[in-house]
Amino acid sequence: MKRPLATVIGRRRRDGLDRELDPQLAAVLELQRLLRLPALESMEPVRARQFAEDGMSPLDVAPAAMAEVIDTTAPGYADRVPIRIFVPHDAGPHWIVYFHGGGGVIGSIRASEPVTRLLAAQTKCTVASVGYRLGPEDRHPAAIEDAVCAWDLLMSRVGPAGRVAVAGDSFGGFLSAHVDRAAQRKPDLQVLIYPLVDMTLASPSIDRLGDGYLLTRSMILWFRSNYLNVDDDRELVSPRFWPSHRGAAPALIVTAGYDPLVDEGAAYAELLRGAGVPVRHRHHPSLIHGFLGLAGGVRAARAATDQICDDIRELLGG
């Protein structure tokens, strides 16, 4: 009798620290270990981008059909900022402006397209996926400048009945928090999915979960070294250390139990609450950083992704 892959490959991950890890994810992680894929941080950034793009997750969700897909740009500080707009069938008046992850070094509109299409299809929001300059060629604050420029331009497209969420995963959550702070028109909702909000990298989970769960401590350090300038104040650029969070947009914050960034995401949810900001914190104890890219093959990742869509639809009022 054949046994499921999760039972065979993931068996060694069922005890100790990994006892709550989703068994399908355990199988994925063990398979990655057996394949001995090269670490991103062992590559030059250009090569790492291409490697990540070529190996886009085979566990991505299938791309949802759209009524219309529009490629456009926003005027940026140094160049034009690329934007791809996904208009779902039966689109309502609301919008989501989405920033992809990748540590400020890798990632693209194309790589995040399965997720942005799914968001559009399930929320019935028009989704604008924004590209931005990456380090080390364009270091901090280039990505933030591009994000704010794109947001401000896109607001002119939103109708009078439309409400708008700024959203992003990982580094995209970092950009979303900065947009919420700096944009001319305030978001109606900020959606921070396993966000990076602390460039000091001081949270205990960075060390506790920094090896064996796709995103590693060495990878995080590599991202930071290629994004920040040597003399950047790491606290000053970090949303977690801003002197005040009063007036921030209502937040949906999503964290994963086996994510090195889980402690800072949870701490940020508490900071916002303490400042009087309405916060819905969804914690998924069995999942890992990057689970959006696994939602096509891992049932628990798909359920969490569907929950994000349901929450956005409810919190935007559509």
Side-chain angles (χ1 to χ4, degrees), residues 9-10 12-13 16-60 100-107 111-112 134-136 168-174 192-228 234 238 240 254-268 283-294 298 300-301 304:
I9 294 181
R12 77 176 189 88
R13 294 185 167 270
L17 179 64
D18 292 346
R19 65 186 177 276
E20 290 189 74
L21 182 64
D22 177 80
Q24 285 188 303
L25 278 177
V28 171
L29 294 171
E30 187 66 2
L31 185 59
Q32 182 210 30
R33 186 187 71 83
L34 293 171
L35 290 174
R36 301 185 181 213
L37 298 174
L40 284 179
E41 63 269 28
S42 69
M43 307 176 192
E44 291 298 315
V46 173
R47 170 67 184 132
R49 282 177 212 137
Q50 193 60 56
F51 180 82
E53 194 86 4
D54 291 345
M56 285 193 304
S57 176
L59 299 179
D60 267 324
H100 65 78
V105 182
I106 65 172
S112 62
L134 301 172
D169 64 289
S170 193
F171 186 82
F174 172 83
L192 312 182
I193 305 168
Y194 36 81
L196 169 69
V197 289
D198 180 1
M199 281 289 185
T200 72
L201 308 184
S203 295
S205 56
I206 298 275
D207 291 323
R208 185 176 74 249
L209 301 166
D211 184 45
Y213 303 102
L214 289 187
L215 180 66
T216 64
R217 185 177 189 276
S218 59
M219 193 185 302
I220 296 167
L221 289 168
W222 181 80
F223 283 141
R224 186 178 69 178
S225 70
N226 281 292
Y227 171 71
L228 288 182
R234 294 170 182 175
S238 301
R240 184 175 176 181
V254 182
T255 55
Y258 288 88
D259 176 8
L261 305 185
V262 62
D263 287 354
E264 65 192 76
Y268 196 61
H283 179 63
H284 301 281
S286 70
L287 297 183
I288 63 173
H289 192 91
F291 69 72
L292 290 178
L294 305 172
V298 176

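One is the number of the first residue; the rest follow in order along the sequence.
Looking at heavy atoms from C-beta onward, D259 lies in side-chain contact with L215 at the 4.5 angstrom threshold. Inter-residue side-chain proximity for R208 and V262 is flagged as met; some heavy-atom pair is nearer than 4.5 Å. When side chains are defined from C-beta on, P38 counts as touching F51, because their heavy atoms get closer than 4.5 Å. Taking the side chain as every heavy atom from C-beta outward, P45 and W222 approach each other to under 4.5 Å. Considering only heavy atoms from C-beta on, Y194 comes within 4.5 Å of L292 through its side chain. The shortest side-chain heavy-atom distance between V298 and F291 does not fall under the 4.5 Å cut-off. For the pair V28 and I288, the minimum side-chain heavy-atom distance is 4.5 Å or more. Counting heavy atoms from C-beta on, the side chains of L214 and H289 never come closer than 4.5 Å.
Nearest approach of L192 to G173, heavy atoms of both residues: CD2-O, 3.5 Å. Between H283 and A256, the shortest heavy-atom contact is CE1-C, 3.8 Å. Contact detail for L196 and F174: the closest heavy-atom pair is O-CB, 3.1 Å. The shortest heavy-atom contact between G107 and H100 is C-CE1, 3.3 Å. Shown here for A52 and I106, the closest heavy-atom pair between the two residues is CB-CD1, 4.1 Å.
Of the inter-residue distances, the one linking R217 atom CZ with E41 atom CD reads 12.0 Å to the nearest 0.5 angstrom. Summarising the geometry, atom CG belonging to L287 is positioned 11.0 Å from atom CD belonging to E20; distances are rounded to the nearest 0.5 Å. Note that CD of Q32 is 10.0 Å distant from CG of L34, once rounded to the nearest 0.5 Å. In this structure, CD1 on I220 lies 4.0 Å from CD1 on I206, to the nearest 0.5 angstrom. The CG atom of N226 sits 11.5 Å away from atom CZ of R224, with the distance rounded to the nearest 0.5 Å. To the nearest 0.5 Å, the span separating CG on D54 from CZ on R47 amounts to 7.0 Å.
One N or O on the side chain of Y258 and one on the backbone of L21 form a donor-acceptor pair closer than 3.5 Å. In terms of modelled atom types and a separation under 3.5 Å, the side chain of S205 and the main chain of D263 share a donor-acceptor contact.
Within a 6.0 Å radius of CZ in R234, other residues, nucleotides and ligands contribute 12 heavy atoms or fewer. No more than 12 heavy atoms of other residues, nucleotides or ligands sit less than 6.0 Å from atom CG of D211.
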Exercise for the section: Kindly determine whether S203 and R240 satisfy side-chain contact (heavy atoms from CB on, under 4.5 Å), including the steps that lead there. Expected result: CA-CA 11 Å; S203 295; R240 184 175 176 181; 2.9 Å; yes
